[in-house]
Undergrad: 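Pasting a structure here, questions to come.
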Amino acid sequence: MAEYTFKDIEKKWQAYWEENQTFQANVNPDKPKFYSLDMFPYPSGAGLHVGHPLGYIASDIVSRFKKLKGFNVLHPMGYDSFGLPAEQYAIQTGQHPAITTEQNIARYTEQLKNIGFAFDWSKEVRTSNSDYYKWTQWIFMQLFNSYYDLDADKALSIDSLIERFEKEGNASIKAACDEDTEKFTAADWNAYSEKIKQETLLKYRLTFLAETTVNWCAALGTVLSNDEVKEGFSERGGHPVERKKMMQWSMRITAYADRLLQGLEKLDWSEPIKEMQRNWIGKSIGADVVFQVKDSDQKIKVFTTRVDTIYGVTYLALAPESELAAALITEDQREKAEAYIEVAKNRSERERMSDVKTISGAFTGSYAINPFNGEEIQVWVADYVLAGYGTGAVMAVPAHDERDYNFAKHFGLEIRQVIEGSMEEGSFPGKGGLIINSGFISNLYMKDAMNKAIEFLEEKGIGKGKIQYRMRDAIFTRQRYWGEPLPVYFKEGLPYLIEEKDLPLVLPEVDKYLPTEDGEPPLARASDWNYKTAEGEFPLERSTMPGWAGSSWYFFRYTDPKNETELADKAKTDYWGSVDLYIGGSEHATGHLLYSRFWTKFLYDLGIVTVDEPFQKMINQGMIQGRSNFVYRVKGTNQFVSYGLRDQYDTFAMHVDVNIVYNDQLNLDKFKAWRPDLADAEFILEDGKYICGSEVEKMSKSKYNVVNPDDIIERYGADTLRLYEMFLGPLEQFKPWNTNGIDGVYKFLRKLWNLYHNSSGEFQVSDAEPSKEEYKALHKAIKKMEDDMANFSFNTSVSSFMICVNELTALKSNKRGILEPLAILVSPYAPHIAEELWNLLGHEGSITDATFPIFDESHLVESAFEYPVMINGKMRTKLSLDLSLSKDQIQEAALSDEIVMKWLEGKAPKKIIIVPGKIVNLVV
RNA sequence: GCCGGGAUGGUGGAAUAGGUAGACACGCAAGACUUAAAAUCUUGUGGCCGUAAGGCCGUGCGGGUUCGAUUCCCGCUCCUGGUACCA
């Protein structure tokens with residue numbers, strides 16, 4: 001075998017790995033563990049494009065590196081296989097989504113295997129398999145059977161809550177529950193009917209059924225979560241989304257809000273991602289204040305973060321959706337106010353969001369009383385107040401809040417300053433200013449004033465300090481077919497769990513995947529979607545779980561994917577612990593990553609797992625964008641003019657398949673063969689070539705800029721693809737895919753191969769002792785690779801390999817003492833060629849069982865250094881000097897240098913800076 | 001609006017406890033090999049002036065600190081991600 005025949009080599013070793021289960025990871029307490037995880041993909045019909053494997057390659061390199069360093073590495077892969085596209089396809093074609101999904105997974109797996117990943121395929125999970133979603137349903141049941149105890153600050157069983165209700169009622173229980181939960185005694189509880197008991201418990205359960213305002217997407221026929229909605233449109237498909245009240249299952253994630261916030265501190269994640277989660281959770285510390293309505297027993301509760309400005313309140317404002325608002329309208333304002341509410345309510349969420357400049361509102365006619373100073377203030381309805389946040393009512397302080405200020409200006413309401421400062425430029429928050437004109441909180445600063453005001457509220461029983469979160473409870477149902485059924489049936493309108501022995505509750509067959517004619521979810525089409533109990537048959541829940549259910553705990557299942565009796569063996573989840581390196585896109589910052597942390601904390605509370613954070617370290621790879629190529633057609637002809645000459649003709653740009661363009665030069669024959677109508681195309685060339693234009697766009701079929709990894713592998717091999725994806729630039733950066741530079745890494749692999757072969761292509765290494773230069777070239781690369789691995793700078797490691805191979809080639813090195821460690825060094829990046837070379841070097845078995853070479857500093861020690869000599873900060877010459885020289889000796893050498901003397905023009909330098917081993921700088 | 005990230009040759013990018021800007025690679029140019037092309041190899045390649053030696057300019061823009069700034073500070077411009085009447 002003379003040439004570097006990557007096709008044979010890669011096939012051979014991929015088969016070897018599979019046959020020998022090289023990457024199977026089993027619990028081994030004698031070795032340190034390393035859990036390396038990729039965000040698992042949704043297997044779409046389009047297959048993988050070159051952007052998908054970027055993160056997988058990075059984690060694969062780290063995994064292989066850790067293995068060489070003696071770690072027991074778990075590096076699994078699986079599929080997030082429930083989801084909308086397969087279902088949409090099913091609706092169009094009638095093909096069962098399970099079949100489509102199966103086909104897509106087969107294609108993905110084949111593509112992934114071609115890249116030579118060190119995945120432990122024996123650990124594969126698929127969220128749509130019933131042996132997997134059995135446990136997703138099981139977790140749902142645990143959530144249903146749990147409540148969040150605020151004193152214990154953890155989830156506890158609902159049975160223990162019932163016991164406490166029986167003994168003490170709910171007054172003394174601090175637990176996360178619905179806002180409208182009423183107080184009851186033990187006697188009340190014991191007298192309750194079964195129905196009332198169940199309804200009450202639903203207000204406490206961590207997953208519960210409640211009437212909620214949801215994001216309803218009519219086009220998709222389903223509810224969407226907040227993170228699935230982008231600017232009023234569905235993330236998938238871009239259909240309009242409206243707000244609607246519906247009976248829905250929710251997850252009480254808000255109970256975990258504070259722990260989700262605190263937990264971020266100890267995670268090794270990038271600051272932007274942590275910040276996004278903090279913003280999403282949106283903790284605000286403030287107070288509830290109750291305002292009495294004048295001449296009425298109605299009360300208005302507002303939430304504010306600035307009680308210190310309470311003396312500056314000049315009106316209250318309610319959300320148009322508020323029922324209270326309608327109730328407070330007086331006869332003389334009725335016509336105007338009701339008309340306003342009607343208009344405001346009918347404005348879509350999107351309209352309200354995009355149009356924040358128009359100020360609108362209406363006076364209700366009612367007055368409220370400021371409990372601090374007894375003043376009567378007007379109560380308004382305004383659409384800048386959101387029903388979904390806080391209490392849906394605000395106390396307006398125009399002097400110190402911009403929105404209140406604009407509103408007050410517009411309607412001519414009073415603006416009263418209560419913090420020292422200038423009002424010349426409108427309102428100001430004045431967080432550091434002295435409180436004035438504010439009764440007993442005057443002459444205080446914000447914090448003290450707030451504390452004193454809250455003290456007053458709590459004493460009078462008209463308010464209390466409160467922490468408000470922006471995050472809402474997560475809606476957990478979708479009116480779709482292709483998802484996990486909820487293990488719930490209904491008896492007398494109340495939800496009950498099915499028995500654990502009946503798990504998994506398998507998705508039923510239906511005739512069509514569409515909602516029913518009367519708007520019921522697709523599962524309503526199933527003929528026997530009922531649950532049989534001793535008491536009779538009851539209807540099962542017809543909604544399914546959202547996409548994020550299965551992906552919120554898959555990292556635990558990987559440790560023990562075939563377990564039929566438990567979610568995973570505790571000994572296994574204990575051993576593998578939390579994920580040591582998680583790589584994936586930052587687009588999941590507020591969805592998947594938050595839900596996974598929530599479920600992990602819940603499972604931790606129940607003692608099912610021992611870690612309370614799933615992902616210790618995370619790296620977010622940047623998206624690979626497409627780079628489109630264009631040809632320029634002369635209008636009305638079949639003539640195409642090269643990029644540089646296009647201005648001389650009347651042309652229009654046309655996307656051309658990037659796979660028939662090399663280094664922006666069009667392959668004319670392939671172009672003619674591309675489409676029948678181009679067969680007789682004519683070209684106007686420049687310098688004998690057709691040069692294409694280019695532009696960075698999203699990678700998509702319609703732009704003909706999708707590059708398939710299979711094609712790259714066919715042409716250059718998997719090792720080249722792996723190296724090139726890493727060489728492209730920093731992992732976290734967004735960058736367009738451009739195949740232009742790929743020849744460079746391909747050449748590198750050939751040069752690497754040639755080091756182990758003589759000029760007639762025969763394998764030949766020498767057992768002679770390597771020279772100092774050879775050791776130096778190798779150890780520079782070892783050091784660089786280890787340093788880069790710590791910083792995830794994969795691109796610079798590839799450079800250092802190139803430098804190393806270039807140097808060794810120049811030295812004509814073929815020493816075993818250099819080439820053996822070199823093969824190990826590059827093996828995480830280019831595993832196939834490394835295995836082959838290792839084998840040629842006479843080793844049995846896989847290079848992945850080798851030990852990473854030990855870096856020896858002594859090979860890099862230099863005795864001399866080439867000092868840059870700067871005059872006034874500009875580099876003028878270089879002096880090669882012994883590193884043992886003292887500062888004085890360096891100075892002497894520098895001053896006696898000819899070029900330096902020329903620049904000094906006989907004058908003595910004003911200042912001399914000498915940093916040994918670094919630089920000499922003379923100031924004239 | 002608010003909170004992040006970024007801007008370096010023709011291109012991807014390298015270099016930050018402040019110390020030779022442009023590593024490595026692509027592309028381009030010239031040459032070698034070849035009937036020719038591809039492939040491969042060699043040399044050159046930030047811009048301007050100069051035959052050269054050499055000089056001047058140069059890391060988005062404008063200032064500042066420093067012997068010395070791509071790196072630190074102040075003020076902008078543009079691109080990009082997130083988020084938004086959140087009280």
Side-chain angles (χ1 to χ4, degrees), chain A residues 230-231 270-280 282-284 286 302-306 309 316-317 319 352-359 382-386 388-397 400-404 406-407 468-471 586-587 589-590 620 622-623 627 663-665 694 723-724 727-730 732-748 750-751 793 795-806 866-878 899 902 909-915 917-924:
Chain A
K230 300 284 174 219
E231 290 171 9
S270 74
E271 206 42 51
I273 296 282
K274 287 191 188 183
E275 196 57 27
M276 277 159 77
Q277 290 218 344
R278 284 189 200 108
N279 290 339
W280 189 263
K283 182 177 183 174
S284 335
V302 303
F303 173 73
T304 177
T305 53
R306 296 297 303 275
T309 61
L316 297 187
R352 257 167 91 167
M353 268 193 320
S354 60
D355 175 25
V356 295
K357 272 161 242 121
T358 315
I359 295 161
D383 73 352
Y384 79 89
V385 181
L386 302 178
Y389 183 75
T391 60
V394 302
M395 56 175 235
V397 186
H400 306 294
D401 180 281
E402 201 189 336
R403 290 154 309 172
D404 297 345
N406 292 337
F407 193 84
Q468 179 73 44
Y469 294 95
R470 191 186 85 97
M471 182 169 68
S586 56
E587 66 273 20
T590 51
N620 301 106
M623 213 205 319
R627 184 176 182 277
N663 285 321
D664 291 337
Q665 189 184 334
S694 72
L723 277 167
Y724 186 58
F727 190 59
L728 219 45
E732 307 198 28
Q733 195 167 298
F734 279 61
K735 49 198 172 261
W737 175 267
N738 185 345
T739 314
N740 287 356
I742 198 163
D743 284 327
V745 291
Y746 182 60
K747 272 188 233 170
F748 156 75
R750 284 219 309 258
K751 279 192 219 167
S793 304
N795 54 330
T796 50
S797 274
V798 179
S799 300
S800 73
F801 296 154
M802 289 173 170
I803 294 168
C804 178
V805 166
N806 287 346
E866 191 166 59
Y867 280 89
V869 180
M870 303 172 92
I871 315 284
N872 291 334
K874 288 212 166 74
M875 213 273 290
R876 294 303 179 185
T877 186
K878 286 178 182 178
I899 297 169
K902 190 194 97 187
K910 278 190 220 147
K911 194 168 179 182
I912 302 172
I913 296 111
I914 293 170
V915 185
K918 274 266 166 76
I919 203 162
V920 175
N921 192 8
L922 307 173
V923 186
V924 186

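Convention: sequence-line order gives letters A, B, ...; per-chain numbering from 1.
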Undergrad: Once you round it to whole Å, what is the distance between C1' of B:A87 and CG of A:Asp383?
TA: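 In whole Å, B:A87 C1' and A:Asp383 CG are 14 Å from each other.
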
Undergrad: List the residues meeting salt bridge (Lys or Arg N to Asp or Glu O under 4.0 Å) with A:Lys283, not counting sequence neighbours, and say none if there are none.
TA: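 In terms of salt bridge (Lys or Arg N to Asp or Glu O under 4.0 Å), with neighbours along the sequence ignored, A:Lys283 is linked to A:Asp258.
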
Undergrad: Please report the shortest heavy-atom distance between A:Leu922 and A:Pro909, naming the atom on each side.
TA: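 Nearest pair, atom of A:Leu922 first, then A:Pro909: CB-CB, 4.4 Å.
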
Undergrad: Do the non-hydrogen side-chain atoms of A:Ile912 and A:Ile914 ever get within less than 4.5 Å of each other?
TA: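 A side-chain contact exists here, since the closest heavy-atom pair is under 4.5 Å.
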
Undergrad: So, is A:Arg470 close to the B:A84 phosphate, meaning a side-chain N or O under 4.0 Å from OP1 or OP2?
TA: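 So the side-chain polar atoms of A:Arg470 do come within 4.0 Å of the phosphate oxygens OP1 or OP2 of B:A84, strictly under.
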
Undergrad: Could you check B:G9 for me: syn (within 90° of 0) or anti?
TA: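 It is syn.
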
Undergrad: Could you tell me whether A:Arg876 contacts a base, only the sugar-phosphate backbone, or nothing, with contacts defined as non-hydrogen atoms closer than 4.0 Å?
TA: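 It contacts sugar-phosphate atoms only.
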
Undergrad: Measure from the side chain of A:Asn795, starting at C-beta and using heavy atoms only, and say which of B:G13, B:A25, B:A87 lies closest.
TA: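 Taking heavy atoms from C-beta onward, the closest nucleotide is B:G13.
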
Undergrad: What is the distance from CG of A:Asp404 to P of B:C86, rounded to the nearest Å?
TA: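 Going from A:Asp404 (CG) to B:C86 (P), I get 10 Å.
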
Undergrad: Roughly how many Å apart are B:C85 and B:U80, using the P atom of each and rounding to a whole number?
TA: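 Each nucleotide's P atom is 23 Å from the other's.
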
Undergrad: I want to check something: taking the side chain as every heavy atom from C-beta on, are A:Thr309 and A:Met395 in contact at a cut-off of under 4.5 Å?
TA: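 A:Thr309 reaches A:Met395 side chain to side chain.
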
Undergrad: Any carboxylate oxygen within less than 4.0 angstrom of a Lys/Arg side-chain nitrogen, looking at A:Arg750 and A:Asp743?
TA: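 Between A:Asp743 and A:Arg750 there is no salt bridge, as every charged N stays at least 4.0 Å from the carboxylate O atoms.
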
Undergrad: Which heavy-atom pair separates A:Asn872 from A:Val923 by the least distance, and what is that distance?
TA: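 Where A:Asn872 meets A:Val923 most closely, the heavy atoms are OD1-CA, 3.4 Å.
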
Undergrad: Take atom C1' in B:G22 and the same atom in B:U59, then report the distance between them in whole Å.
TA: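 Approximately 9 Å lies between the C1' atom of B:G22 and that of B:U59.
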
Undergrad: Under a 3.5 Å limit for both distances, which nucleotide forms a Watson-Crick or G-U wobble pair with B:U83, could you say?
TA: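 For B:U83, the partner nucleotide comes out as B:G1, under the 3.5 Å rule.
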
Undergrad: For nucleotides B:U35 and B:A29, find the distance between their P atoms and express it as a whole number of Å.
TA: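 Per the computed distance, 24 Å lies between those P atoms.
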
Undergrad: How about A:Gln665: does its CD atom have over 12 heavy atoms from other parts shown lying under 6.0 Å from it?
TA: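 It does: A:Gln665 CD has more than 12 such atoms within range.
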
Undergrad: Do you know which two heavy atoms are closest between A:Val805 and A:Phe748, and how far apart they sit?
TA: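 Closest approach of A:Val805 to A:Phe748: CG2-CE1, 3.4 Å.
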
Undergrad: Work out how far the P atom of B:G6 is from that of B:U16, and round it to whole angstrom.
TA: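 Pairwise P distance, B:G6 against B:U16, rounds to 15 Å.
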
Undergrad: Base, sugar-phosphate, or nothing: which does A:Asp664 touch, judged by heavy atoms less than 4.0 Å apart?
TA: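 No contact.
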
Undergrad: What is the distance from CH2 of A:Trp280 to P of B:G81, rounded to the nearest Å?
TA: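 That distance rounds to 17 Å.
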
Undergrad: Would you measure the distance from the P atom in B:C76 across to the matching atom in B:U83 and give it in whole Å?
TA: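 So the two P atoms sit 26 Å from each other.
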
Undergrad: Under the side-chain contact (heavy atoms from CB on, under 4.5 Å) test, which residues partner A:Glu732, sequence neighbours left out?
TA: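 Counting only residues at least two positions away or on another chain, A:Glu732 forms a side-chain contact (heavy atoms from CB on, under 4.5 Å) with A:Ile619.
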
Undergrad: Hey, which of these two, A:Phe303 or A:Lys874, hits RNA chain B nearer its 5' end, going by closest nucleotide?
TA: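 Looking at RNA chain B, the more 5' nearest nucleotide goes with A:Lys874.
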
Undergrad: Checking base pairs now: Watson-Crick or wobble, both atom distances under 3.5 Å. What partners B:U51?
TA: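 WC or wobble partner does not exist here.
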
Undergrad: Could you pull out the protein-nucleic contacts involving nucleotides 15-22 of chain B (nitrogen or oxygen on both sides, under 3.5 Å)?
TA:
unit_1	atom_1	unit_2	atom_2	d
B:G19	N2	A:Asn921	ND2	3.3
B:U20	O2	A:Lys878	NZ	2.8

Undergrad: If pairing requires Watson-Crick or G-U wobble contacts with both distances under 3.5 Å, which nucleotide is the partner of B:A17?
TA: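 The answer is none; no pair meets the criterion.
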
Undergrad: With both distances under 3.5 Å as the test, what is the Watson-Crick or G-U wobble partner of B:A7?
TA: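 Paired with B:A7, as far as the under-3.5 Å criterion goes, is B:U77.
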
Undergrad: According to side-chain contact (heavy atoms from CB on, under 4.5 Å), who are the partners of A:Ile919, at least two apart in sequence or on a separate chain?
TA: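 Expected list: A:Pro868, A:Met870, A:Val915.
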
Undergrad: Hunt down the Watson-Crick or G-U wobble partner of B:C41, both distances under 3.5 Å, from any strand shown, or write none.
TA: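 Because both required distances fall under 3.5 Å, B:C41 counts as paired with B:G31.
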
Undergrad: Mind calculating the distance between CH2 (A:Trp737) and P (B:C26) to the nearest angstrom?
TA: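 From A:Trp737 CH2 to B:C26 P: 15 Å.
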
Undergrad: Taking B:A69 as the reference, what is the distance to B:G63 when you measure between their P atoms (whole Å, please)?
TA: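 Approximately 14 Å lies between the P atom of B:G63 and that of B:A69.
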
Undergrad: Between the protein and nucleotides 3-12 of chain B, are there any N/O to N/O pairs under 3.5 Å, and if so, what are the atom names and distances?
TA:
unit_1	atom_1	unit_2	atom_2	d
B:G12	O2'	A:Leu728	O	2.6

Undergrad: For the P atoms, the ones on B:G50 and on B:A37, what distance do you get once it is rounded to whole angstrom?
TA: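 Straight-line distance between the two P atoms is 35 Å.
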
Undergrad: Can you check the A:Arg306 CZ to B:C86 P distance for me, whole Å?
TA: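 Atom-to-atom, A:Arg306 to B:C86, this comes out as 14 Å.
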
Undergrad: Any luck finding a side-chain donor-acceptor pair between A:Asp404 and A:Tyr384 under 3.5 Å?
TA: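 Yes, A:Tyr384 and A:Asp404 have a side-chain donor paired with an acceptor closer than 3.5 Å.
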
Undergrad: Rounded to the Å, how far apart are A:Glu402 CD and B:A84 P?
TA: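 Spelled out: CD on A:Glu402 to P on B:A84 is 18 Å.
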
Undergrad: Want to settle it: does A:Phe734 or A:Ile742 sit nearer the 5' end of RNA chain B, counting the closest nucleotide to each?
TA: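 First, find each residue's nearest nucleotide; the 5'-ward one identifies A:Phe734.
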
Undergrad: Could you check how far CZ of A:Phe801 sits from P of B:A25, rounded to whole Å?
TA: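 My rounded result for the distance is 14 Å.
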
Undergrad: Tell me whether the centres of the aromatic rings in A:Trp737 and A:Tyr724 are closer together than 6.0 Å.
TA: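 Aromatic pair counts; centres sit under 6.0 Å.
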
Undergrad: So which nucleotide does B:U71 pair with, by the Watson-Crick or G-U wobble rule with both distances under 3.5 Å?
TA: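 No nucleotide pairs with B:U71.
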
Undergrad: Any N/O pairs under 3.5 Å between the protein and nucleotides 38-42 of chain B? List them or say none.
TA:
unit_1	atom_1	unit_2	atom_2	d
B:U40	OP1	A:Arg750	NH2	3.1

Undergrad: What's the CG-P distance between A:Leu723 and B:C26, to the nearest Å?
TA: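 Whole-Å distance recorded here is 13 Å.
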
Undergrad: For B:A30 versus B:A39, give the span between their P atoms, rounded off to a whole number of Å.
TA: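 Rounded to whole Å, the distance is 16 Å.
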
Undergrad: Please give me the minimum heavy-atom distance between A:Thr391 and A:Val302, naming the atom from each residue.
TA: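 Closest approach of A:Thr391 to A:Val302, heavy atoms only: OG1-CA, 3.3 Å.
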
Undergrad: Does a side-chain heavy-atom distance below 4.5 Å link A:Tyr389 with A:Ser284?
TA: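 Yes, close enough: below the 4.5 Å cut-off.
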
